[in-house]
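A short worksheet on the structure shown next.
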Amino acid sequence: MQKIKDIMANKKLMYMIIGGLVLVIVLIGGIFLIFKMMGRKISYSELENQLYYATEKYLKENDIYYPNEENPETIISSSDLVSGKYIKELNKLVKDNCSAEIEVLYKNGGYAIRPLLTCDKYESRLFYDKILADNPVTDEGNGLYDLYEMLVFRGDRVNNYVKFNGMLWRIVKMNPVDNTIYLILDNVKEAPNDIWDDRYNTTEESRHGINDFQVSVISATLNEIYETKFNNAKARMVPVDVCIGKRSHTENNNDSSVECSFVLEEPAFVSLLQINDYINASNDYRCNTVDDMACGNYNYLVNKNGKWWTLTADGSKGTKVYSINYNGNIVSDYASSKKFIRYMIAVDGNNLYQEGDGTSTNPYMMK
């Protein structure tokens with residue numbers, strides 16, 4: 001009986017010893033993991049993000065460095081952030097020798113923070129530069145063309161998707177002079193379905209509207225879209241000229257000179273697509289005028305989800321404006337009819353590239 005008790009006691013002791021060993025191993029493993037996490041090196045993209053948030057905190061605690069309308073740019077160095085303990089020394093965060101300058105820009109009533117990282121093995125890339133590197137200029141097939149002093153996407157299979165402000169866009173063209181990138185909403189059903197204009201036209205004695213954009217209903221609608229949909233994105237947007245010259249059915253000049261023969265006095269942040277930009281997006285050589293049915297061929301702007309308005313009015317009729325139908329054909333229709341307002345914006349290509357390859361499943365994103 002005593003032997004049995006001794007065996008049981010030894011078993012309990014053995015279980016206690018095993019349990020203690022397991023606990024010690026778990027504790028050692030946890031401590032090792034903590035130290036490993038503390039000493040973990042991060043990616044360059046993560047470092048850019050840390051610099052961004054460190055700068056936000058720095059500015060909140062040192063508000064005299066906020067840029068303003070009179071002094072629209074402030075430069076903050078990574079050494080300022082390190083000395084103020086807003087971020088660790090950069091070489092302790094990445095496996096590289098790095099420094100950074102953070103540009104803080106006052107734009108459109110908001111602030112854009114742009115961390116520019118310079119390392120031995122890495123350098124921050126601008127959004128514009130990344131798109132251009134992925135899409136070398138071509139003169140045949142689908143891709144990016146040097147056309148009328150702009151870089152223009154043409155064809156039906158182009159990797160020009162961008163995720164911005166929670167929505168998916170397509171790049172229409174890029175300005176190589178100032179790196180402005182023009183975007184159009186990808187899914188027309190995310191846009192309002194509304195009229196272009198519905199006022200009584202005294203000249204034509206018609207209730208089908210007046211195709212004068214500067215006093216149109218759609219102009220006010222676009223201003224409202226800007227004010228309500230882009231609150232957190234305005235600092236990365238740029239205003240652009242709004243070209244509202246009217247176009248005839250026989251006109252075959254597509255270099256914007258017709259559309260830009262009349263430009264609004266004030267640039268705008270949200271607009272519509274000029275009809276020549278739609279024509280230029282097609283890779284079919286038979287697409288030259290608004291009446292050419294081939295303009296819907298090899299054209300990534302064709303959207304079968306609905307009919308949508310363009311910016312350009314029909315020069316032969318005071319009540320009509322050009323729109324695009326389901327098949328991609330250009331149609332001259334009454335301004336008072338309802339269509340999707342597939343709006344356009346322009347963003348600053350000097351923003352930092354974040355991720356993406358321009359495909360619909362992995363669109364470009366900027367910081």
Side-chain angles (χ1 to χ4, degrees), residues 52 56 66-69 72 104-114 127 160-173 180-199 209-244 263-274 277 301 303 305-313 321 323-324 335-351 354 356 363-367:
Y52 180 94
E56 276 193 326
Y66 270 113
N68 52 47
E69 198 165 354
V104 186
L105 308 175
Y106 177 82
K107 295 178 64 179
N108 313 328
Y111 299 94
I113 298 174
R114 185 185 301 156
F127 192 57
N160 63 347
Y161 288 89
V162 172
K163 190 72 175 290
F164 179 73
N165 196 41
M167 293 177 283
L168 195 62
W169 307 78
R170 307 298 293 270
I171 303 171
V172 176
K173 57 187 179 181
T180 297
I181 300 173
Y182 295 76
L183 308 177
I184 189 169
L185 198 63
D186 179 54
N187 185 358
V188 297
K189 289 194 173 180
E190 289 186 355
N193 190 321
D194 213 337
I195 59 170
W196 205 92
D197 189 76
D198 64 351
R199 292 166 303 154
I210 303 172
N211 63 0
D212 182 355
F213 179 84
Q214 62 183 335
V215 292
S216 67
V217 172
I218 205 168
S219 174
T221 302
L222 292 170
N223 289 334
E224 184 180 349
I225 288 171
Y226 173 65
E227 293 299 335
T228 58
K229 287 187 176 292
F230 295 94
N231 291 335
N232 298 320
K234 291 177 179 178
R236 289 176 288 174
M237 297 167 64
V238 292
V240 294
D241 288 339
V242 181
C243 297
I244 58 171
V263 180
L264 286 188
E265 185 174 341
E266 292 293 330
F269 287 95
V270 179
S271 186
L272 297 171
L273 186 77
Q274 297 170 199
D277 285 332
L301 287 172
N303 197 306
N305 289 325
K307 303 174 182 178
W308 48 281
W309 287 118
T310 74
L311 184 61
T312 309
V321 180
S323 65
I324 312 298
S336 57
S337 60
K338 282 192 173 184
K339 291 174 176 54
F340 287 105
I341 301 175
R342 191 183 184 186
Y343 49 89
M344 284 188 67
I345 61 172
V347 296
D348 186 353
N350 294 312
N351 287 303
Q354 180 171 335
Y364 291 120
M365 294 181 67
M366 70 182 77
K367 288 186 182 290

Q. Of all heavy-atom pairs between Ala233 and Asn165, which one has the smallest distance, and what is that distance?
A. CB-OD1, 3.7 Å

Q) Between CD of Glu266 and CG of Asp241, what distance do you get to the nearest 0.5 Å? A) 10.5 Å

Q) Do Asn351 and Phe164 come close enough that some side-chain heavy atom pair is under 4.5 Å? A) no

Q: Taking the side chain as every heavy atom from C-beta outward, state whether Phe213 and Leu222 have any pair of such atoms under 4.5 Å apart.
A: yes

Q. Below 4.5 Å, heavy atoms only, C-beta onward: do Leu311 and Val242 meet side chain to side chain?
A. yes

Q | Straight-line distance of Phe340 CZ to Asn187 CG, nearest 0.5 Å | A | 8.5 Å

(Q) Testing the basics here: between Val270 and Tyr343, what is the closest heavy-atom pair and its distance to 0.1 Å? (A) CG1-CB, 3.7 Å

(Q) Can you give me the closest heavy-atom contact between Lys189 and Asn305, atom names plus distance? (A) CE-O, 3.2 Å

Q. Do Val263 and Cys243 touch side chain to side chain, with heavy atoms closer than 4.5 Å?
A. yes

Q) So, does Arg114 use its side chain to make a donor-acceptor pair with the main chain of Asn350 at under 3.5 Å? A) yes

Q: Specify the closest pair of heavy atoms between Met167 and Glu190, including all atoms of both residues, with the distance to one decimal.
A: CG-OE1, 3.6 Å

Q) Do other residues, nucleotides or ligands put more than 12 heavy atoms under 6.0 Å from Lys229 NZ? A) no

Q) Do other residues, nucleotides or ligands put more than 12 heavy atoms under 6.0 Å from Asn232 CG? A) no

Q. Just by distance, do the side chain of Trp309 and the backbone of Ala335 share a donor-acceptor pair under 3.5 Å?
A. no

Q) With a 4.5 Å limit on heavy-atom distance, are the side chains of Val215 and Ile210 in contact? A) no

Q. Between atom CD1 of Ile184 and atom CG of Asn160, what is the distance when rounded to the nearest 0.5 Å?
A. 10.5 Å

Q) Does the pair Leu183 and Ile171 meet the rule for a side chain to side chain contact (heavy atoms under 4.5 Å, CB included), with working shown? A) CA-CA 5 Å; Leu183 308 177; Ile171 303 171; 3.6 Å; yes

Q) Rounded to the nearest 0.5 Å, what separation is found between the CG atom of Asp194 and the OG atom of Ser337? A) 10.5 Å

Q | Identified side-chain contact (heavy atoms from CB on, under 4.5 Å) partner of Trp196 from the options Ile341, Leu272, Thr310 | A | Leu272

Q: If the plane angle is over 60° it's perpendicular, under 30° parallel, otherwise tilted; pick one for Tyr111 and Tyr106.
A: perpendicular

(Q) If I compare all heavy atoms of Arg342 with all of Leu185, which pair ends up nearest, and what's the gap? (A) NE-O, 2.6 Å

(Q) Would you say CD of Glu224 has more than 12 non-hydrogen atoms from neighbouring residues, nucleotides or ligands within 6.0 angstrom? (A) no

Q.
Checking the side chain of Asp197 only, and the main-chain atoms of Arg199 only, is there a donor and an acceptor separated by less than 3.5 Å?
A. yes

Q) Looking only at heavy atoms, what is the nearest atom pair of Arg236 and Lys367, with distance? A) CD-O, 3.4 Å

Q. Does any non-hydrogen side-chain atom of Met344 lie less than 4.5 Å from one of Arg170?
A. no

(Q) What verdict does the side chain to side chain contact (heavy atoms under 4.5 Å, CB included) test give for Tyr182 and Asp277, after you've listed the backbone C-alpha separation in whole Å, the side-chain angles of each residue and the deciding distance to 0.1 Å? (A) CA-CA 11 Å; Tyr182 295 76; Asp277 285 332; over 6 Å; no

(Q) Quick one, Trp169 with Val347, criterion side chain to side chain contact (heavy atoms under 4.5 Å, CB included). Give me CA distance, side-chain angles, the key distance, then yes/no. (A) CA-CA 11 Å; Trp169 307 78; Val347 296; over 6 Å; no

Q) Any side-chain heavy atom of Phe127 sitting closer than 4.5 Å to one from Val162? A) yes

**Q.** Pair Leu301-Leu273, side chain to side chain contact (heavy atoms under 4.5 Å, CB included): steps then yes or no
**A.** CA-CA 10 Å; Leu301 287 172; Leu273 186 77; 3.8 Å; yes

**Q.** Value rounded to 0.5 Å, distance of CD1 in Ile218 from CG in Asp198
**A.** 11.5 Å

